[in-house]
Amino acid sequence: QVQLVESGGGLVQAGDSLRLSCAASGRTFKYRAMGWFRQAPGKEREFLAAINWNGRTTPYADAVKGRFTISRDNAKNTVYLQMNTLKPEDTGVYYCAADAEFTWGRPFNGDYWGQGTQVTVSS
């Protein structure tokens with residue numbers, strides 16, 4: 001098992017920035033990549049980006065490309081999501097996930113999930 005805990009969410013105004021953190025514990029050697037998802041009220045869960053242990057990233061979702069950046073600190077078993085120029089449509093619950101069998105060119109699959117952290121962006 002892998003345990004994931006997100007933090008860093010909050011209430012901000014449009015144009016502000018936030019950095020989300022995802023701390024991993026447990027059997028961290030069993031996952032190949034970690035990524036971020038979000039879910040807005042009444043909408044389906046949306047994949048944002050993923051990163052492997054060596055820092056290679058997947059393409060970003062079109063809605064956040066150029067504004068969000070995923071990174072990781074292997075020594076701390078932590079993945080980050082830097083979010084700049086936030087917009088009201090970025091509002092939602094942000095989830096960290098781990099893919100135990102990730103393969104480049106395939107969709108990122110969340111085998112383990114954190115509890116989520118709320119991000120609210122006001123106009």
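Along the sequence shown, residues are numbered consecutively beginning with 1.
- Here the side chains of Val121 and Glu89 are not in contact, with every heavy-atom distance at 4.5 Å or above.
- Under the 3.5 Å distance criterion, the side-chain polar atoms of Thr117 are matched with a main-chain donor or acceptor of Gly9.
- Within 6.0 Å of the CG atom in Asn54, the count of heavy atoms belonging to other residues, nucleotides or ligands exceeds 12.
- The side-chain contact (heavy atoms from CB on, under 4.5 Å) check on Ser17 picks up Gln82, Asn84, with sequence neighbours excluded.
- In plain terms, the two heavy atoms of Ala97 and Phe108 that are nearest each other are O-CZ, 3.6 Å.
- Within the 4.5 Å cutoff, the side chain of Arg38 has heavy atoms near those of the Asp90 side chain.
- In plain terms, the two heavy atoms of Glu46 and Ala61 that are nearest each other are OE2-CB, 4.1 Å.
- The same ILVMFWY cluster, assembled from side-chain heavy atoms under 4.5 Å apart, contains both Trp113 and Phe102.
- Going from atom CG of Leu48 over to atom SG of Cys96 covers 11.0 Å, rounded to the nearest 0.5 Å.
- When every heavy atom of Tyr60 is checked against every heavy atom of Thr69, the shortest pair comes out as OH-CA, 3.4 Å.
- Heavy atoms only, all atoms of each residue included: Phe47 and Pro59 are closest at CE2-O, 4.3 Å.
- Using a distance-only test at 3.5 Å, with no hydrogens or angles considered, a donor-acceptor pair links the side chain of Thr58 to the main chain of Ala50.
- The hydrophobic clustering, which links ILVMFWY residues whose side-chain heavy atoms are closer than 4.5 Å, places Met34 and Phe68 together.
- A distance-only check finds no donor-acceptor pair linking the side chain of Gln115 to the backbone of Val5 [under 3.5 Å].
- Closest heavy-atom contact between Leu4 and Ala24: CD2-CB, 3.6 Å.
- Between Leu20 and Tyr95, the closest side-chain pair of non-hydrogen atoms is not below 4.5 Å.
- The CD atom of Gln13 lies 11.5 Å from the CG atom of Leu86; values are rounded to the nearest 0.5 Å.
- Under the 4.5 Å side-chain criterion, counting only non-hydrogen atoms from C-beta, Trp36 is not in contact with Met83.
- Using modelled atom types, no side-chain atom of Asn109 and backbone atom of Glu101 make a donor-acceptor pair closer than 3.5 Å.
- Of the candidates Val93, Leu18, Leu81, Leu18 is the only one forming a side chain to side chain contact (heavy atoms under 4.5 Å, CB included) with Val119.
- Closest non-hydrogen pair, Arg72 versus Ile51, comes out as NH1-O, 3.3 Å.
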